[in-house]
Q: 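Sharing a structure here in structure tokens format.
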Amino acid sequence: MENLEKTYDPAKAEDRWYNYWMENNYFAPAEDPEGEMDTFSIVMPPPNITGQLHMGHALDNTLQDILTRWKRMHGYRALWLPGTDHASIATEVKVVDKLKSEGIEKDEVGREGFLEKAWEWKEEYGDQITNQLKKLGSSCDWSRERFTMDEGCSEAVKEVFIKLYEKELIYQGDYIVNWCPSCHTTLSDIEVEHEEKEGKFYHIKYPYKDREGFITVATTRPETMLGDTAIAVHPSDERYKDLIGEKVILPLMDREIEIIADEYVDSEFGTGMVKVTPAHDPNDFEIGRRHDLEVIKVIDEDANMSENAGKYAGLDRYECRKKVIEDLTELGLLIKTEDHVHNVGECYRCDTVIEPLVSKQWFVKMKPLAEPAIEAVKDGTIKFVPERFSKVYMNWMENIRDWCISRQLWWGHRIPVWYCNNCGEVIVAREEPDECPSCQSSNLKQDEDVLDTWFSSALWPFSTLGWPESTDDLRSFYPTDVLVTGRDIIFFWVARMIFMGLEFMDQEPFTDVYIHGLIRDSQGRKMSKSLGNGIDPLEIVEKYGADALRFTLITGNTPGNDMRFREERLEASRNFANKIWNASRFILMNMEDFELDQVEENDLKPTLADRWIESRLNTVANEIDEALENYNFGEMAGSLYDFIWNEFCDWYIELIKARLYQDEDPDAKLTAQYYGLTVLEKILRLLHPVMPFITEEIWQKLPGTDGSIMNSDWPEKTESDTDIVSEEKMQLIMNVIKSIRNIRNEMKVNPGKRIKALLSAGSKKAEILEEGREYIENLARIKNLTIEGENIDKPDKVSTAIVNEVEVILPLKGMIDLDKELKRLEKEIEDVEFEINRAKGKLNNEGFVNKAPEHLVEAEKKKLQEYKQKKEKLIQRLGELKD
RNA sequence: GUGGAUAUAGCUCAGCUGGUCAGAGCGCUACGUUGACAUCGUAGAAGUCAGUGGUUCGAAUCCACUUAUCCACACCA
């Protein structure tokens, strides 16, 4: 048998085992030709091909891997399907930058040339992030890896577009959209982030046309006034009622515009008069539609003023603002300028201030799709964990607006629409048509735009399984079991998968949505590139090992809540791994004369400690199952940590040492070896989903194991293994040991010295103590332990304690400090009195006695009895000492 | 404005459906190299569970309000 190194070195083990799993194709779901197995499936939220692995990915994937490995060990046909997202804008930006660094402009290479470059880029960097995921130990089935722009996914996108178009759920129209002047594309509403900014509130005079005087409007964006086509007031605003229908002259442009009435206006705000610029403000656009106003576009796609802006044409929108204010001031039309805080929409990719523009775009009509999606969550078909996120989802879904899906980019799924240059026919088709079905012209042109990246991500749970083909995978694994992701993409992605899944599969894409929190830095700040406070998971893996990282990420992790990441916690996890390593090392060191397959049931003589650890193990296995069923990853980690460190290492290993280090009783030794080994082996299995590498490394070295631990069976719960009696017995024995250790420590007894001890207890407990005699002697370092009945004569110069009605007596002749001992006893009496009063208080309370459950009242009575007895003994002891 | 989260030991956080729940890790104190482990062991100190009120026989746990911090959504030009 080989001996283990003194410390565990993850670097030596991790890649080796990952390769082993890959080579043996262990990540693929089990074969199941008869279709008898239960399935479990997760689709991985596809990371962007531009992405670098960050802590969010690490957490997300750790959680998914834990669930997958756990279910796989439970005998499920488990599939965790990985893949990547083409990330339209992000990738395009990267490729443009790369070309620029080579001195090439995007337009120079043209669409085809650019796409070629983009694919090259994808080939080169696209699998970087998936390789990083492998370092974490992710057990996803790479043979099924998908990409949102691969052939199958692209087919699915086309299919969905066409079907929705045919159902009139996709339409084209001139609407106001969010335009990013830097990325040069439209954005959906949720791709716009609002940030509070200090701005100015300009009050401007607009002179009447047909009478003396002027009206005053207030605006934060004076440059847009060049495109004003009306002034709006609230219809019931008494101040302005008479002005409705009146004309004013738009300054600087000398255009006549009318004062109109619209409910939208808030009379309380500003002057109660709103300048209406339908071309550059979403609300104004709506007003414009209601009143059939002219739409004058004064700002172009580069955020420069257009020719409609008269003499301001060509200016940047901010320069123009300055100029407009200057000119207004000169004309005496600027009344005042106030400071004003307002929200400004910015592009979520590049932070450029969004310019609302009117243009022709493709939209998805949301209402009909949203309804079933709302229903599915309402009726519990889909469950959010934690529950509160369903509110967030509902709120959004119920107020949803149509989804602008066209993007003025090249990298992405090109919209499958052709226009006839001859007759203007719009042709929606899977393949490029040869001629116009209406006029037979072959002068056709495909729509220049691509689809929003999230359009294809929305299909992910079924497009990756083969849809629109009816594949085996699709039948087996759809709907998936759970989606694990962060709360930031509930709208972008989760919501959209839900309505697309319901629409095209007639079935929800997943039953549970587990939302986890953010990993923050040690000060609680978000990790971000701009702050430079991000921590690279790969560096952590290198330093502490993937297992330690994984364990750290789930300890103390509660559903939906953020957590801070501090390096000290990694040390704790690494130490934990090392602890397991050394416990295993110990077990293996004691296996020299042991042959597992030679062990006969009859040779085994399990002791109290053996029964206890088995029972505890069984309980812990239960706890872990329960925790994982409820996505309580933190509890899982806690259970494992406590059990392995505090019970298995601190107690059980110590308890079996005596049997291992002797040769007189071969059966006793064999039994200790047997239980030590088998319990360890089960522990490794329970730990495997969280710490796959170290468990495999050790498991492979254990005698009697075969294949990979990841394919071993989960230690199933069995009623017979739970042995409450043994647990209670051990509890008593451990308490006695702790109590002796406590006294020794307080009395400064040399830790190594074996001393005498006397235990006085009732016959039932004395019997238990007798059973644990060896344990007490060895673990409390006692020689000649005496166990007697109650009310015995105590020797002089002793120190005592009372625990669970057992009196612990240590004759420490010449060792004890009388004063100290007296103080110790007095303090203990105080504590007991406090408990007595508490118990008495409860029992004197009629409400408690009458209304509380019987067993609680009984327990309280029993406690009181015990405390009273304890107090008596302590006082007696105190008296003896004082004599 | 609407909705939500958080507030528990010096620090970071657990505490699920109200009754040994006042806990863990780190840190701290005192001992310790006992044949797995100093990435360790044994023992210990430490909290009016943010505040106020309520429900209850009983509340860190449920309800209301208050305070503080944070987040999402919606925005008023």
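Below, chain A is the first sequence line, B the second, and so on; all start at residue 1.
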Q: Tell me whether the side-chain N/O atoms of A:Lys6 come closer than 4.0 Å to OP1 or OP2 in B:rC37.
A: yes

Q: Can you list the stems that RNA chain B is part of, where a stem is at least 3 pairs in a row, each Watson-Crick or G-U, with both distances below 3.5 Å?
A: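 The stems that RNA chain B takes part in, listed by first number, are B:1-7 with B:67-73, B:10-13 with B:23-26, B:28-32 with B:40-44, B:50-54 with B:62-66.
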
Q: Could you work out the separation of B:rG27 and B:rU12 based on their P atoms and round it to a whole Å?
A: 15 Å

Q: Rounding to the closest angstrom, what is the interatomic distance between B:rA9 and B:rG15 at atom P?
A: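 Looking at atom P only, B:rA9 and B:rG15 are 15 Å apart.
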
Q: Please classify the nucleic acid contact of A:Lys842 as base, sugar-phosphate, or nothing, using heavy-atom distances under 4.0 Å.
A: nothing

Q: Has A:Tyr661 got its ring stacked on the base of B:rG35, with centres under 5.5 Å and planes less than 30° apart?
A: yes

Q: Please report the distance separating the P of B:rU56 from the corresponding atom of B:rC63, rounded so that it comes out in whole Å.
A: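 One P to the other, the span is 16 Å.
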
Q: How would you list, by chain and number, every residue that makes a side-chain contact (heavy atoms from CB on, under 4.5 Å) with A:Lys543, sequence neighbours excluded?
A: A:Glu567

Q: For nucleotides B:rU20 and B:rA60, find the distance between their P atoms and express it as a whole number of Å.
A: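 Approximately 10 Å lies between the P atom of B:rU20 and that of B:rA60.
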
Q: Considering only atom P, compute the distance from B:rG23 to B:rU33 and round it to an integer number of Å.
A: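 Per the computed distance, 31 Å lies between those P atoms.
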
Q: Any side-chain N or O of A:Arg574 under 4.0 Å from OP1/OP2 of B:rU39?
A: no

Q: Below the 4.0 Å mark, does B:rA77 have OP1 or OP2 next to a side-chain nitrogen or oxygen of A:Thr219?
A: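 No, no such contact exists.
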
Q: Return each pair, listed once, that meets salt bridge (charged side-chain N to carboxylate O under 4.0 Å, His left out) where at least one residue sits in residues 265-288 of chain A; pairs must be two or more places apart or across chains.
A: A:Asp228-A:Lys275

